[in-house]
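Note sheet for the following structure.
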Amino acid sequence: MKKMILGLCALFACFVFASCSNYADKAKDLAGEFEKAEKAEDFVKIMKDAAQLNIDFYKSNPSAEDVEAFEEAGKAIGEAAKNLDGDKAKAFAEAMKQLAEDKDFLKLKEEADKAEKEWQDKNKKEGEKEDKE
């Protein structure tokens, strides 16, 4: 259970921020919602929105610098998730249980992982082309 929660926190951390202003605005909104969330349903919604943001971000063909900023900024939300206490921590844990069984979220997560991998593969090939030239 602990590994699942940490894994989902890490995933969430990757979802949270993008350097493109439209993505940054959405990410800031999600970060604000995360801090204000108190019920499991709130956290579930935020996690689904974050997964969709991650999909949209990687499908937008970001630069390597954008991705670096995206991942770096997401660490703060991951830390916030780990530092929850009391009723918020219980609500977040309940949300993680719900998400682990939520077919829609699992599908979003799978699509987000796929979009990220496709971006990585594409950039690896482009990097190899540049090295040959």
Side-chain angles (χ1 to χ4, degrees):
M1 178 69 182
K2 213 174 202 183
K3 285 184 179 181
M4 179 186 72
I5 289 174
L6 289 176
L8 287 172
C9 286
L11 175 66
F12 183 62
C14 291
F15 295 155
V16 174
F17 197 93
S19 60
C20 180
S21 71
N22 189 27
Y23 292 106
D25 292 343
K26 290 178 184 178
K28 287 177 185 176
D29 290 345
L30 283 177
E33 288 177 31
F34 184 85
E35 291 177 8
K36 294 176 185 175
E38 297 195 12
K39 296 184 274 180
E41 297 80 29
D42 299 335
F43 287 113
V44 167
K45 181 187 179 311
I46 293 165
M47 294 296 285
K48 286 182 178 182
D49 290 347
Q52 187 61 55
L53 180 63
N54 194 51
I55 293 165
D56 296 343
F57 174 74
Y58 279 105
K59 286 189 175 183
S60 74
N61 196 25
S63 69
E65 293 80 20
D66 290 341
V67 171
E68 187 176 320
F70 181 89
E71 292 175 353
E72 183 62 33
K75 291 178 183 178
I77 298 301
E79 284 297 314
K82 289 193 301 187
N83 292 329
L84 291 173
D85 60 359
D87 290 339
K88 283 189 173 191
K90 289 177 186 175
F92 186 67
E94 178 60 32
M96 294 301 100
K97 288 178 190 176
Q98 290 176 20
L99 289 170
E101 298 174 4
D102 186 316
K103 290 180 183 177
D104 292 335
F105 177 75
L106 295 174
K107 185 177 177 182
L108 281 173
K109 181 184 176 305
E110 188 176 307
E111 190 176 342
D113 291 344
K114 181 181 175 187
E116 182 177 359
K117 181 160 179 21
E118 287 173 355
W119 179 87
Q120 288 173 342
D121 291 345
K122 180 181 176 193
N123 280 337
K124 183 177 180 182
K125 288 177 187 176
E126 287 177 4
E128 290 172 358
K129 284 180 187 178
E130 289 175 10
D131 289 343
K132 288 180 182 179
E133 295 174 358

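Worth knowing before you read on, the calculation uses all heavy atoms, side chains too, and leaves out hydrogens, waters and symmetry mates.
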Requested in this report: Answer whether the closest heavy-atom distance between the side chains of F92 and I46 falls below 4.5 Å.
Outcome: no
Report task. Could you tell me whether E110 atom CD has more than 12 heavy atoms of other residues or ligands within 6.0 Å of it? Result -> no
Query - Gap between atom CG of L108 and atom CG of N54 - 0.5 Å precision - result: 10.5 Å
Query raised in the report: Taking only residues two or more places apart in sequence or in another chain, which ones pass side chain to side chain donor-acceptor pair (under 3.5 Å) with E118?
Result: none
Query raised in the report: Given the rule in the side-chain contact (heavy atoms from CB on, under 4.5 Å) test, do F57 and D66 qualify, once you have shown the distances and angles that lead to the verdict?
Result: CA-CA 9 Å; F57 174 74; D66 290 341; 4.1 Å; yes
Query raised in the report: Which residue pairs pass the salt bridge (Lys or Arg N to Asp or Glu O under 4.0 Å) test when at least one of the two sits in residues 36-50, sequence neighbours left out?
Result: K45-D49, K48-D102
Requested in this report: Mind listing the closest non-hydrogen atom pair of A112 and A51 along with its distance?
Outcome: CB-O, 4.1 Å
Report summary line: Between F43 and A95, the two heavy atoms sitting closest are CB-CB, 3.5 Å
Query raised in the report: Any side-chain heavy-atom pair from K124 and D121 closer than 4.5 angstrom?
Result: no
Query raised in the report: By side chain to side chain donor-acceptor pair (under 3.5 Å), which residues pair with Q98, not counting sequence neighbours?
Result: E94
Query - Nearest-0.5 Å distance, NZ of residue K122 to CG of residue N61 - result: 3.5 Å
Query raised in the report: So, K88 side chain and E35 main chain: donor-acceptor pair closer than 3.5 Å or not?
Result: yes
Requested in this report: Determine whether K59 and E111 make a side-chain contact, defined as any pair of heavy atoms from C-beta on separated by less than 4.5 Å.
Outcome: yes
